Amino acid sequence: MDKVNLTINGINVNVPKDYTVLMAAREAGIDIPTLCFLKDINEIAACRVCVAEVDIKGQAMRNLPATCVLQVQEGMNVRTNTRKVRNAVKMNVELILANHNRECLTCMRNGSCELQKLCDELNINHIEFQGTKRETKIDELSHSIVRDSSKCILCGRCVSTCRDLQEIGILDFTNRGFNTEVAPAFDYSMKDVPCVYCGQCIQACPVAALREKSHIDEVWDAIDDPDKYVVVQTAPGVRASLGEEFGLPVGTDVTGRMVAALKRLGFDKVFDTNFSADLTILEEGTELLARVKNGGKLPMITSCSPGWIRYCEINYPEFLENLSSCKSPQQMFGAIVKSYYAEKEGIDPKKIFCVSVMPCTSKKTEANRPEMEVDGLRDVDVSLTTRELGDMIKQARINFVKLPDENPDSILGQYTGAGAIFGATGGVMEAALRTVADILTGQDLEDIEYESVRGIEGVKEASVTLPIDGNDTEVKIAVAHGTANAAKVLEAVKSGEKEYHFIEVMACPGGCVHGGGQSHVSAKARLEVNPKTKRADALYELDKSLALRKSHKNPEVIKLYEEYLKEPNSPISHKLLHTHYYEQKVYEVEKEKEYKELMARIK
Amino acid sequence: MSRGLDVRANERHFVELKDYIESIRDSQGLLMQTLHKAQEIFGYLPIEVQKFISSELDISLAEVYGVTTFYTQFNIEPKGKHKIGVCLGTACYVKGARSILDQLAKELDIEVGQTTADNLFTLEATRCLGCCGLAPVIMIDQDVYGKLEANNIPEILAKYRD
């Protein structure tokens with residue numbers, strides 16, 4: 001790439017010619033403030049916070065251009081710290097604040113708000129503009145996501161994320177001028193639109209206009225209720241992000257401290273979703289082998305990610321039979337704790353209150369799906385995000401960073417490396433391959449690191465040769481993360497262009513480690529560190545550090561089958577651990593039935 | 001939120017719109033052209049029509065809705081038999097157009113941009129109608145009423161209620 005020379009605040013900079021001034025300034029160590037900018041996702045010059053004075057070979061540019069979209073040119077002279085720029089930026093932010101619900105003290109994003117931080121950095125101590133504020137609309141009808149228009153600053157980061165990154169597009173700018181609002185079409189609630197509750201919009205939102213629906217109070221109530229036996233499970237991805245809530249570097253593995261904190265919060269038992277991840281592998285791996293041997297529906301597609309499940313139900317109902325009938329590890333855990341565990345420990349399962357901590361906002365909706373119960377008992381009573389657990393720990397005034405490492409309770413707390421890597425894209429596939437390969441070869445294989453399914457490439461493909469019924473068979477697999485990539489894979493399968501036996505899909509880019517419930521990483525911090533890879537690295541390190549790295553070697557899982565389930569896919573397994581899928585209703589109109597019939601007629 | 005469209009009664013309109021979309025599929029700016037045509041066919045752009053357009057053009061419903069609510073020429077609500085335009089130009093405004101508009105909204109029990117439940121009137125705010133000497137002015141269909149006071153409104157509306 002050709003390079004160009006320019007000057008920024010008197011410093012000579014030499015950068016590739018496709019750079020923006022903003023990126024060039026970063027290289028020169030000059031920090032231009034941003035707000036709507038989210039690298040590679042939202043570069044639309046909406047907020048006017050990154051403006052600068054620019055002239056090109058002595059010719060001043062009109063007005064103050066936004067540096068996030070201004071391409072560098074030879075001979076450019078950029079000044080980011082003049083009185084004119086400072087005043088303009090300050091006024092632009094003050095104008096945003098004039099129409100912002102400034103209840104910072106009681107706001108969920110207090111401390112992690114990018115607007116709040118910007119105000120601090122810009123030394124804003126007075127807002128001159130006192131005018132009408134737009135009407136407040138709060139949509140909290142879904143189980144997962146709350147949309148609060150009073151906080152929205154119209155930066156468009158959520159719009160771009162949903163439309164371009166996930167290729168779902170439930171949000172857009174509606175109306176115009178002062179009445180502009182980022183919202184779903186026709187004022188539908190997020191409960192009634194094709195939202196999959198992945199929460200990537202929450203990760204994109206610099207303020208609290210999009211946030212998870214909080215369920216912390218229900219958990220405190222359960223803990224304080226002497227009649228309830230409160231158990232908690234934590235998903236693989238949580239331990240790679242929870243530390244960030246307490247200032248630890250992105251991707252610090254805090255498994256031991258997390259367990260210690262949960263015990264101090266007052267949970268009766270602290271277990272681990274990694275356990276039920278191992279269990280999932282036995283159920284799912286067995287299901288895959290049965291499908292391959294018995295001519296069942298292929299490709300089989302994983303069903304751990306509820307965002308993906310809902311995406312498939314809404315957009316690709318023709319693939320519903322391809323989905324593994326396995327419940328997700330979160331749900332399997334709940335079903336086992338209220339059956340096997342209750343029986344074994346002599347506890348009335350009605351008294352067990354199952355809390356899950358997930359890197360996910362979609363898990364909240366999954367836990368509330370009507371079919372996610374056995375004999376009238378909900379599998380999971382409350383699902384919290386990583387951030388909510390962080391809030392509870394802070395509320396309990398536990399000094400998280402200084403906690404000693406502790407181990408989860410037995411039983412349902414032990415896990416293998418295979419369960420641990422479930423949180424990263426490719427992790428479920430790798431865990432499944434480790435077990436399936438051992439079963440088919442009848443050996444304890446040592447070569448268990450499937451590098452080809454690791455990493456953050458959008459779609460990963462591989463083939464593994466395995467002996468099925470005595471014949472070496474090439475098993476073709478694919479791994480997709482992010483719904484846009486999932487759609488790509490499904491379209492290729494649909495058109496016959498690709499054939500696979502097994503596909504792993506996670507709804508979030510990077511997998512669960514980058515889920516909508518994880519700790520917020522600001523747009524600025526993301527320029528320095530990629531949370532997807534950092535957190536995945538933590539899980540792969542954890543895997544390596546464990547003596548047992550294959551799900552079928554998990555002693556507690558083996559015991560569970562011996563004592564209760566008998567074997568994978570047994571009738572009792574089916575009752576507790578498997579489920580079914582169905583089309584979801586979205587954007588329903590008054591005469592939905594007639595509308596659907598008409599559409600079918602004129603297609 | 002618009003009222004439910006009688007889908008069956010509009011079947012031929014959907015077919016007409018589909019044929020139109022097929023005829024322009026290769027051209028640029030598909031969405032705007034389609035929305036104009038759809039409004040011409042249906043008279044307005046209810047959710048059923050926008051859903052159809054979204055699916056035919058493979059553009060999210062949120063984006064289609066974003067465009068229709070951005071441009072004032074697109075109507076999401078059905079239009080009434082009579083269109084009332086209240087001039088909010090400068091001259092009319094200083095002569096009390098606001099109270100005329102408020103009175104109309106009260107009499108009709110709707111807000112600006114809406115249509116009465118009996119589909120008789122649609123209330124709109126307009127820019128200067130070019131007869132400032134008569135301020136404040138309203139237009140109902142092609143009839144101009146000038147030098148108005150709020151208490152003239154019931155009498156004027158009555159003429160259209162027969």
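What you are looking at is a predicted structure, and each value in this text was computed from that prediction instead of being measured. A note on names: the letters A, B, ... follow the listed sequences, proteins ahead of strands, and every chain is numbered from 1.
With rounding to the nearest 0.5 Å, the separation of CD1 in B/Ile47 from CD in A/Glu590 is 11.0 Å. Atom CD1 in A/Ile168 sits 11.0 Å away from atom OG in B/Ser60 (nearest 0.5 Å). With rounding to the nearest 0.5 angstrom, the CZ atom of B/Phe14 is 4.5 Å from the CE atom of A/Met599. For the atom pair OG1 of B/Thr69 and CD of A/Glu181, the computed distance is 10.0 Å after rounding to the nearest 0.5 Å. In this structure, the separation between CD on B/Glu11 and CD1 on A/Ile602 is 7.0 Å, given to the nearest 0.5 Å.
Between A/Phe186 and B/Leu45 the shortest heavy-atom distance is CZ-O, 4.1 Å. Taking both residues in full, the closest heavy atoms of B/Glu48 and A/Val589 are given as OE2-CB, 3.8 Å, listed atom of the first, atom of the second, then distance. When all heavy atoms are compared, the tightest approach of B/Leu5 to A/Lys591 is O-CD, 3.5 Å.
Of the atoms belonging to B/Ser55, it is side-chain heavy atoms, and not backbone ones, that fall under 4.5 Å from chain A. In this structure, chain B has heavy atoms under 4.5 Å from both the backbone and the side chain of A/Tyr595. In this structure, chain B has no heavy atom under 4.5 Å from any part of A/Val182. For A/Glu592, the part sitting under 4.5 Å from any heavy atom of chain B is the side chain, from C-beta outward, and nothing else. When heavy atoms are compared at a cutoff of 4.5 Å, A/Glu597 approaches chain B solely by way of its side chain, counted from C-beta outward.
The main-chain N or O of A/Tyr587 is found under 3.5 Å from a side-chain atom of B/Lys51 such that the two form a donor-acceptor pair. Without hydrogens or angle criteria, B/Tyr65 side chain to A/Ala183 main chain gives no donor-acceptor distance under 3.5 Å.
Contact tally against chain B (heavy-atom pairs below 4.5 Å) for A/Val193, A/Asn175, A/Thr174, A/Ile170: the top residue is A/Asn175.
Summarising the local packing, CD of B/Glu111 is surrounded by 12 or fewer heavy atoms from other residues, nucleotides or ligands at distances under 6.0 Å. The local environment of NZ in B/Lys83 is sparse, with at most 12 non-hydrogen atoms from other residues, nucleotides or ligands closer than 6.0 Å.
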